[in-house]
Number of protein chains: 2
Amino acid sequence: MAKSPRAVTLKDVAERVGVSAAAVSMALAGHRRIGPETTDRIRAAAAELGYVPSSAGKALRRQRSDAIALVVPNSTQHVFGHSYFTHVLTGVTSAANDRDVQVLVSTNSSEASGLTAYERVMRARTADGAVVTSAGIEDPNIERLAASGLPVVLIGNYPELPSAFSVGVDDVAASRSITEHLILEHGRTRLLHVTGPLDHRTAVDRRDGFLQAVAAHGLADDAQVVEGDFSERSGWVAVTGRRFGADGFDGVVFANDDMAFGGLQALRAEGWSVPGDVAVVGFDDFGIARVASPSITTVRVPAEAMARLATDRLFAQIEGEDSVPTRDELPVVLVRRASCGCASPPIDLLDD
Amino acid sequence: MAKSPRAVTLKDVAERVGVSAAAVSMALAGHRRIGPETTDRIRAAAAELGYVPSSAGKALRRQRSDAIALVVPNSTQHVFGHSYFTHVLTGVTSAANDRDVQVLVSTNSSEASGLTAYERVMRARTADGAVVTSAGIEDPNIERLAASGLPVVLIGNYPELPSAFSVGVDDVAASRSITEHLILEHGRTRLLHVTGPLDHRTAVDRRDGFLQAVAAHGLADDAQVVEGDFSERSGWVAVTGRRFGADGFDGVVFANDDMAFGGLQALRAEGWSVPGDVAVVGFDDFGIARVASPSITTVRVPAEAMARLATDRLFAQIEGEDSVPTRDELPVVLVRRASCGCASPPIDLLDD
DNA sequence: ATTAACTGCTGAATCGATAAAGCAAGGAGG
DNA sequence: CCTCCTTGCTTTATCGATTCAGCAGTTAAT
């Protein structure tokens, strides 16, 4: 380190060329009131000196930071574990990169002064807006943030926040659809559903989709719902000690893939064959479903596309184009693999 | 958004209390030259108005952004796919959060004006420093960045950049160690090594460790090295069509878990038993090794701890404490699972 | 009693970029 | 010939926070 070569500023370029700083600023912005010959000289000098405008100076003057925040309300440990986050980050950064906007990742670890970290980021105008993900149904901070008048787009379903911008999938329909896959294409009739934590909208919706499916096919009496928490362990726990096969459940619908994977291990440990004795399906397809053995049939949630769209909506909001809240719902795809009995190569390398 | 409630500034707080802006600034900073009674009134007013200092104003004046960049030189698609990145991000954010510093994720997608995006971030002083990860041995941008005098810490091994700060693991020793595990504990003698792309230091080091191990035990003649590229597919390709078992290789050392997983699928497809006919080991333990069937014995690289330490070193550098480059090497752990023949429960839920 | 030091605040300068207003010189139009 | 519009720049104000230099008024020291 030692020598921290003072950064090149507008003034440096101006002196080099022999014009005012304002002229340099205007020339670099392509303003027509600066002569073409001067503009060329300024551009050349800027390039030669390696001038890059100070983001702080620009942000202060323009009242715009050219950065957006990706907010992860849940604890760092928990959510980063889900590779869901990786997909979201990819979507957000690619949309932001298209506009030369920085992405900052904000968690709410420091709960100092009653303000969550991401609220601070917004109020300090470190970011022009935020994409918020993985919020539980109960999070009051999200409501505050969405109601604060600051540009925010939520990923997920928030029927209780009708005035918020959001991007999601139809969890109810998707869950009903994959349940019906078990019923109609595999003839399963005695179904178990393992939910996520029921204070999450996602968990509730997926459960409701399951219930609609069994009700619609007259299988409600033989169906059962047990609450999990989206963790692998809870999937394991939910199926352990139950009866499957001929005189038990012949299908299990897990509300996500992590639980399905945990369930798969438990079923194997207790000697049940999948999909022979019991068919298993998951939800999400963020990674583990493809690599598990047997590979897990699931609903692919387009996390990256959702994040990209959410980011686009956020920019529209920041630019003031949109003033009326938007709600986007993306289609999902049923991915047929081995755990439900659909044929599948041992590995689908082309899958991802 | 219609009503964008103009942000609360220092001036607003000052007017409310009836003092100068300077007094407010000093009071909030805990300066002793402001009377205790005035300080209390200022603090109360600031809290009441919900004052949060503008990061742009502060950054401009202090010449410090209180943000660091996490730089991912490779293409977004490629690297985010590796869940390695998730671990790194967790480590960086947790270290940054401890200091109330923002983390921004920077890729080099926009190659505009010859400057990579992350170099722009540094020169625009959007970030005070950068943690750089996943750089190939060949990347000239990294050298430029490291030589630029800006605070940078690299994650990985960069013997060709002796004046750079870096944090890594001893890939050579680790690779030798896991190879010897196959030799000494499982009696394997005919070993195949599948490398990563050999323009990556990591790939070269792991190959060298493998070669040291076979040479040390007189198995060099029966050993073979084939080049892969760290992708699942290349692991598949590397073992397909080869002979294993009694008259072939009885052990394969993959340079990472993704390739090991691909290799596992290929071996299964061709009817070889793992670990019966052939023992398999990987490297990294970023996720897939635990959930594969059979689970993959591997070297756990402490990505999160490396990232956390790298971030700590970066802050030391930014604060100017450290002026002489540091090089940290973290210990790795051999994780014994099923693919090498070490006993293992069907799933180790406590593992992660 | 006079100087020195301290206390508690205010005023002004500063960080770097931008945009509005200003101003000189030249050309067009009446 | 005088006004009016361009053209091509410069001056100046501004964004919000910080910090140094001042400046009254008080207390301590000699």
Side-chain angles (χ1 to χ4, degrees), chain A residues 4-43 45-46 49-67 100 120-126 128, chain B residues 4-43 45-46 49-67 100 120-126 128:
Chain A
S4 182
R6 198 184 57 76
V8 178
T9 71
L10 257 195
K11 210 177 190 177
D12 299 323
V13 180
E15 276 168 13
R16 168 68 87 96
V17 180
V19 294
S20 71
V24 176
S25 176
M26 295 174 98
L28 294 177
H31 208 289
R32 67 175 131 276
R33 294 290 294 272
I34 304 295
E37 195 257 348
T38 311
T39 297
D40 286 347
R41 277 169 48 227
I42 288 172
R43 290 244 165 91
L49 295 175
Y51 169 70
V52 178
S54 149
S55 56
K58 185 187 277 205
L60 182 56
R61 177 64 229 233
R62 305 230 335 264
Q63 297 291 85
R64 157 91 73 118
S65 66
D66 281 343
D100 265 302
R120 288 188 68 83
V121 165
M122 298 294 286
R123 310 200 48 153
R125 286 135 291 155
T126 307
D128 299 327
Chain B
S4 183
R6 198 184 57 76
V8 178
T9 71
L10 255 196
K11 211 178 192 178
D12 298 322
V13 179
E15 276 168 14
R16 169 65 89 94
V17 179
V19 295
S20 70
V24 176
S25 176
M26 296 174 97
L28 294 178
H31 209 288
R32 65 176 133 278
R33 294 292 290 273
I34 303 296
E37 196 256 349
T38 310
T39 297
D40 287 348
R41 278 169 47 227
I42 288 173
R43 290 244 165 91
L49 295 175
Y51 170 69
V52 178
S54 149
S55 57
K58 184 186 279 203
L60 181 56
R61 177 65 228 233
R62 308 230 334 263
Q63 297 292 84
R64 157 93 73 119
S65 67
D66 281 342
D100 265 301
R120 289 188 66 84
V121 165
M122 299 294 287
R123 310 200 49 153
R125 287 134 292 154
T126 308
D128 299 327

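Chain naming here is simple, since letters A, B, ... match the order of the sequence lines and numbering starts at 1 in each. What you see below is based on every heavy atom in this structure, not just the backbone, and it leaves out hydrogens, waters and symmetry mates.
Every residue was checked against the side chain to side chain donor-acceptor pair (under 3.5 Å) condition with A:Arg61, not counting sequence neighbours, and none meets it. Residues passing the salt bridge (charged side-chain N to carboxylate O under 4.0 Å, His left out) test with A:Asp12 are A:Arg6, sequence neighbours excluded.
The main-chain N or O of B:Arg123 is found under 3.5 Å from a side-chain atom of B:Arg125 such that the two form a donor-acceptor pair. A side-chain donor-acceptor contact under 3.5 Å links A:Ser65 to the backbone of A:Thr126. For the pair B:Arg120 (side chain) and A:Val52 (backbone), a donor-acceptor distance under 3.5 Å is absent. Looking at A:Arg43, its side chain does come within 3.5 Å of a backbone N or O of A:Ala27 through a donor-acceptor pair.
Protein atom CZ of A:Arg64 is 16 Å distant from nucleotide atom C1' of C:dA19, rounded to whole Å. For the pair A:His31 NE2 and C:dA17 P, the interatomic distance rounds to 18 Å; values are reported in whole Å. If you take CD of B:Glu15 and P of C:dT10, they are 13 Å apart, rounded to a whole angstrom. When rounded to the nearest whole Å, the span between CZ of A:Arg32 and P of D:dG8 equals 12 Å.
Remark: B:Asp40 CG to B:Ile34 CD1 distance equals 12.5 Å, nearest 0.5 Å. Here OG of A:Ser55 is found 9.5 Å from CG of B:Leu60. Values are rounded to the nearest 0.5 Å. Atom CD1 of B:Ile42 sits about 13.0 Å away from atom CZ of B:Arg16, to the nearest 0.5 Å.
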Atom pairs, protein N/O to nucleotides 4-6 of chain C N/O, distance under 3.5 Å:
none

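Pairs passing the side chain to side chain donor-acceptor pair (under 3.5 Å) check and including a residue from residues 25-38 of chain B, sequence neighbours excluded, do not occur.
Taking five base pairs at each end of the helix from C:dA1-D:dT30 to C:dG30-D:dC1 and finding the rotation axis that steps the C1' atoms of four pairs onto the next four gives two axes whose angle is 60°, to the nearest 10°.
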statement: Quick tally for nucleotides 9-22 of chain D: nucleotides whose base has a protein heavy atom under 4.0 Å get B, sugar-phosphate-only ones S, the rest -, giving BBB-BBBBBBB---
